[in-house]
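Contents: one structure, followed by commentary.
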Amino acid sequence: MAVPHRFRVRAENFMGVGEASEWSEEMIIDIPPSTPSKPRIKKLSATSIQILCTCPPNGGSEVSSYRLTKLKSSSPDSTESESTQLDIPISPPSHAGELIHVVDDLLPGATYVFYVEAGNRCGWSERSVGSEDVRLDVMLPVPVSFTLNIRTATSLRIQLPTYPTIESSPAIVGCKVVAGRKKDLQDAIVVAGPAKGGEEVDVDGLVRGETYWVAVGFVGEGQDGAYSDPIQAHLA
């Protein structure tokens with residue numbers, strides 16, 4: 001699968017087998033990518049979001065691009081929507097198995113739904129299921145603060161924030177903790193959670209002597225909230 005093939009044919013009857021034909025032109029037996037996962041949405045600002053979507057390998061050639069479809073309606077109750085498509089070639093931080101893409105210039109008050117397709121040299125996958133409804137004015141809020149303490153030379157203890165009283169859509173179901181060595185969190189990975197708001201969680205397995213930037217975000221059904229301002233932790 002997804003490698004070049006060439007073919008020859010021989011004819012056979014009761015007298016025997018004939019000479020083989022000349023080799024065929026080179027052919028590649030391939031299939032389109034598998035259907036991408038349901039897009040996860042992370043609010044970045046009052047007008048922008050980040051979309052994350054995975055596409056597991058299926059034996060076909062590697063994913064080379066993604067296609068993002070955006071449906072916009074003026075309100076949650078509107079029956080009319082505006083559709084736009086964008087083809088996104090693979091480039092960091094995205095890779096063949098995952099789309100990570102920022103969508104800017106969205107309008108607070110409007111409702112959006114996003115769909116993703118994956119493409120390779122054979123064609124396009126089936127369209128993913130739609131994301132949760134995206135309404136920037138009611139999306140998951142950003143945690144205002146959290147508490148961090150150095151527990152050992154290789155671990156931290158985090159006091160997660162409690163859930164705010166304001167209504168959000170989707171509802172908050174937990175918190176997660178990310179840590180990285182860059183203040184902008186571009187290299188951050190999830191190190192704890194999802195866990196219930198207000199709880200203490202321990203982050204183990206860190207490197208002695210390293211400095212980490214740690215932040216917390218709320219988690220909803222099918223949606224990740226933006227991270228809090230990071231706190232610096234130096235492990236002596």
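Heavy-atom basis, side chains included; hydrogens, waters and symmetry copies ignored.
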### Message
Any heavy-atom pair between the side chains of F7 and W23 that's under 4.5 Å?
### Response
no

### Query
Can a salt bridge be assigned to the pair D187 and K182 using a cut-off of 4.0 Å between side-chain N and carboxylate O?
no

### Task
Flag the pair D224 and K43 as a salt bridge only when some basic side-chain nitrogen lies within less than 4.0 angstrom of an acidic carboxylate oxygen.
no

### Query
Do V203 and L185 share a hydrophobic cluster, counting only Ile, Leu, Val, Met, Phe, Trp and Tyr and linking them when any side-chain heavy atoms are less than 4.5 Å apart?
no

### Message
Any side-chain to backbone donor/acceptor pair from S48 onto V103? Under 3.5 Å, distance only.
### Response
no

### Message
Is there a side-chain contact between L107 and K72 in this structure, where contact means two heavy atoms from C-beta onward sitting under 4.5 Å apart?
### Response
yes

### Message
Does any part of the side chain of F114, heavy atoms only, come nearer than 4.5 Å to the side chain of I49, both counted from C-beta?
### Response
yes

### Message
Is there a path of hydrophobic side-chain contacts, each under 4.5 Å between heavy atoms, that joins L140 and V177?
### Response
no

### Query
Are any of the side-chain heavy atoms of Y66 and C55 separated by less than 4.5 Å?
yes

### Query
Would V214 and V201 show up in the same hydrophobic cluster when neighbours are defined by side-chain heavy atoms closer than 4.5 Å?
yes

### Message
For K38, is there an ion pair with E132 - N to carboxylate O distance below 4.0 angstrom?
### Response
yes

### Query
Is a side-chain donor-acceptor pair under 3.5 Å present for N120 with S61?
yes

### Query
Any side-chain heavy-atom pair from H234 and Y212 closer than 4.5 angstrom?
no

### Query
Take atom CD in E126; do more than 12 heavy atoms of anything else shown fall under 6.0 Å from it?
no

### Message
When you measure from the centre of the six-membered ring of W213, is the NZ or CZ of R181 closer than 6.0 Å and no more than 45° off the axis?
### Response
no

### Query
How about N149 and L156: do any of their side-chain heavy atoms sit closer than 4.5 Å?
no

## Note on the structure
The reported gap from CZ in R121 to OG in S64 (rounded to nearest 0.5 angstrom) is 9.5 Å

### Task
Check the pair S37, T54 against side chain to side chain donor-acceptor pair (under 3.5 Å), reporting the backbone distance first and the verdict last.
CA-CA 5 Å; S37 65; T54 59; 3.1 Å; yes

### Task
For the residue pair I51 and P39, establish whether any side-chain heavy-atom pair is separated by less than 4.5 Å.
yes

### Query
In the single-linkage hydrophobic clustering (I, L, V, M, F, W, Y; side-chain heavy atoms under 4.5 Å), do F218 and V173 co-cluster?
no

### Query
Would a distance-only check, ignoring hydrogens and angles, find a side-chain to backbone donor-acceptor pair under 3.5 Å from T154 to L206?
no

### Hydrophobic cluster identity match, L106 and L99, side-chain contacts under 4.5 Å
yes

### Message
I'd like to check R8 versus E22 (side-chain heavy atoms, cut-off strictly below 4.5 Å). Are they in contact?
### Response
no

### Task
May I ask you to decide if P32's main-chain N or O and N58's side chain share a donor-acceptor pair within less than 3.5 Å?
yes

